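This report concerns only the one structure given below.
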2 protein chains.
Amino acid sequence: MASPKLNEFIEDEQVLAAFAKALSHPARIAILKVLAQKNECICGEIVEVLPLAQSTVSQHLKELKDADLIKGAVEGPRSCYCINWDAFDAFNLSFNHLFNHLKDQQNNTCC
Amino acid sequence: MASPKLNEFIEDEQVLAAFAKALSHPARIAILKVLAQKNECICGEIVEVLPLAQSTVSQHLKELKDADLIKGAVEGPRSCYCINWDAFDAFNLSFNHLFNHLKDQQNNTCC
DNA sequence: TAGATTCATCGTATAAAAACGATAAAATAA
DNA sequence: TTATTTTATCGTTTTTATACGATGAATCTA
């Protein structure tokens with residue numbers, strides 16, 4: 001009965017929603033900030049600065065990776081992560097498109 | 001055990017995450033588009049163009065309202081909704097700040 | 001080789017989100 | 001006044017998200 005009907009919305013809206021979902025938890029925003037600041041870093045460094053268990057951080061990293069916002073590379077026993085700027089720019093563009101699209105029709109005479 | 005630790009992140013990240021969460025479902029993005037296009041409209045008009053039940057649409061409207069992205073006014077037996085442009089602009093600004101903040105530190109030499 | 005590090009994944013528990021039908025409240029229309 | 005319209009809310013079900021500890025695989029170090 002509670003089957004998500006995401007597929008019944010248009011592609012564009014699904015893509016944007018997926019991006020927004022990736023940013024919908026403060027831990028994931030914090031992770032992006034850390035990655036931007038350090039340029040690249042391993043999972044353990046992120047765990048150090050977040051109030052979350054290692055397994056939880058790893059899960060958040062996976063979600064960011066699934067959303068294509070970050071890249072990960074195995075380096076020996078470690079995993080090195082960094083922001084995927086190309087995808088990031090594309091998403092930023094999509095967002096600006098939505099904002100501009102909405103603003104284009106702005107009309108302050110509403111209820 | 002799964003108690004959300006949202007409060008342990010900084011205010012700024014929480015605000016952004018809450019905004020992103022409001023946009024994290026295609027139905028809510030679609031609703032914003034309809035509102036922008038029609039400038040204002042009642043719940044029933046939105047229900048007509050979405051593949052969701054009235055109660056579900058009402059729920060999504062409530063979430064957008066809780067996030068302060070839209071305003072609602074009772075008009076007799078109907079509810080008229082429209083975009084809250086002030087809050088919307090503020091959120092857009094916050095998002096751009098995040099994007100710019102991250103981009104400022106961009107350095108393509110990563111793993 | 002043996003022990004230590006690092007991290008992804010599994011299992012599990014709890015909370016939140018998503019969806020619907022039914023219903024009640026409010027206002028309009030007959 | 002009675003019936004109709006409109007929509008928010010309640011109750012419920014299903015799915016997804018969040019969080020943690022434990023474990024195993026991979027690599028490094030002693």
Side-chain angles (χ1 to χ4, degrees), chain A residues 1-9 13-14 17-31 34-35 40-67 70-82 111, chain B residues 1-9 13-14 17-31 34-35 40-67 70-82 111:
Chain A
M1 207 145 287
S3 59
K5 297 197 160 180
L6 304 183
N7 291 338
E8 300 186 26
F9 294 91
E13 287 159 1
Q14 291 183 55
F19 175 47
K21 185 182 272 186
L23 294 186
S24 73
H25 195 289
R28 293 193 285 272
I29 294 180
I31 288 173
V34 173
L35 287 181
E40 69 178 37
C41 60
I42 64 172
C43 177
E45 293 179 283
I46 300 171
V47 172
E48 275 177 6
V49 298
L50 292 193
L52 296 171
Q54 181 269 323
S55 57
T56 305
V57 171
S58 201
Q59 236 174 2
H60 283 303
L61 284 167
K62 180 168 163 39
E63 280 173 68
L64 286 170
K65 200 175 168 191
D66 287 346
I70 65 174
K71 292 184 283 187
V74 177
E75 283 188 358
R78 285 159 243 182
S79 280
C80 181
Y81 288 97
C82 62
C111 40
Chain B
M1 209 144 287
S3 58
K5 298 197 159 180
L6 304 184
N7 291 338
E8 299 188 25
F9 293 92
E13 287 160 2
Q14 293 184 53
F19 175 47
K21 184 182 271 185
L23 295 186
S24 73
H25 195 290
R28 293 195 284 271
I29 293 179
I31 288 173
V34 174
L35 288 181
E40 68 178 38
C41 60
I42 64 172
C43 178
E45 293 179 281
I46 300 172
V47 172
E48 275 176 7
V49 298
L50 292 192
L52 297 171
Q54 181 269 324
S55 57
T56 306
V57 171
S58 201
Q59 236 174 1
H60 282 304
L61 284 168
K62 179 167 163 37
E63 279 174 67
L64 285 170
K65 200 175 167 191
D66 288 346
I70 65 175
K71 291 184 285 186
V74 177
E75 283 188 358
R78 282 158 246 180
S79 280
C80 181
Y81 287 98
C82 62
C111 41

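Reckoned from all heavy atoms, side chains included, excluding hydrogens, waters and symmetry mates. Below, read A as the first sequence line, B as the second, and so on, with proteins coming before strands; counting in each chain starts at 1. Keep in mind that what you see is a predicted model, and the values were worked out from it rather than measured.
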Would you mind telling me which of [options] lies closest to the side-chain atoms of [X]?
| X | options | answer |
| --- | --- | --- |
| A:Gln54 | C:dC7, D:dT9, D:dT7 | C:dC7 |
| A:Ser58 | D:dG21, C:dT9, C:dA18 | C:dT9 |
| B:Pro77 | C:dA26, D:dA8, C:dG21 | C:dA26 |
| A:His60 | D:dT7, D:dT18, C:dC7 | D:dT18 |
| A:Lys21 | D:dT16, C:dC20, C:dA19 | D:dT16 |
| A:Cys43 | D:dT7, D:dT18, C:dA8 | C:dA8 |
| A:Ser55 | C:dT6, D:dG21, C:dG21 | D:dG21 |

Look at all strands and tell whether [X] reaches a base, only sugar-phosphate, or nothing, counting heavy atoms closer than 4.0 Å.
| X | answer |
| --- | --- |
| A:Thr56 | base |
| A:Glu63 | sugar-phosphate |
| B:Leu61 | nothing |

Nearest 0.5 Å, please: how far is [atom2] in [Y] from [atom1] in [X]?
| X | Y | atom1 | atom2 | result |
| --- | --- | --- | --- | --- |
| A:Lys71 | A:Leu64 | NZ | CG | 14.5 Å |
| A:Glu48 | A:Ile42 | CD | CD1 | 8.0 Å |
| A:Tyr81 | A:Cys43 | OH | SG | 6.0 Å |
| A:Leu61 | A:Ile31 | CG | CD1 | 4.5 Å |
| B:Glu40 | B:Glu75 | CD | CD | 6.5 Å |

Expressed in angstrom and rounded to an integer, what is the separation of [X] atom [atom1] from [N] atom [atom2]?
| X | N | atom1 | atom2 | result |
| --- | --- | --- | --- | --- |
| B:Ile70 | D:dT7 | CD1 | P | 13 Å |
| A:Leu52 | D:dC20 | CG | C1' | 10 Å |
| B:Lys62 | C:dA18 | NZ | P | 14 Å |
| A:Ile42 | D:dT27 | CD1 | P | 16 Å |
| B:Asp66 | C:dA17 | CG | C1' | 13 Å |
| A:Ile31 | C:dC7 | CD1 | P | 13 Å |
| A:Leu50 | D:dT18 | CG | P | 14 Å |
| B:Leu64 | D:dA8 | CG | P | 12 Å |

Contact under 4.0 Å: [X] side-chain N or O vs [N] OP1/OP2:
| X | N | result |
| --- | --- | --- |
| B:Arg28 | C:dA18 | yes |
| B:Ser79 | D:dA8 | yes |
| B:Tyr81 | D:dT6 | no |

On DNA chain D, does the nearest nucleotide to A:Gly76 precede the nearest nucleotide to A:Gln59 from the 5' side, or the other way round? Give the residue.
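Closest to the 5' end, via its nearest nucleotide, is A:Gln59.
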
First of A:Glu75 and A:Ala53 reached from the 5' end of DNA chain D, by closest nucleotide:
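It is A:Ala53 whose nearest nucleotide is closer to the 5' end.
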
Does B:Ile70 reach the side chain of B:Leu35, with side-chain heavy atoms less than 4.5 Å apart?
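The answer is yes, as the side chains (C-beta and beyond) meet within the 4.5 Å cut-off.
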
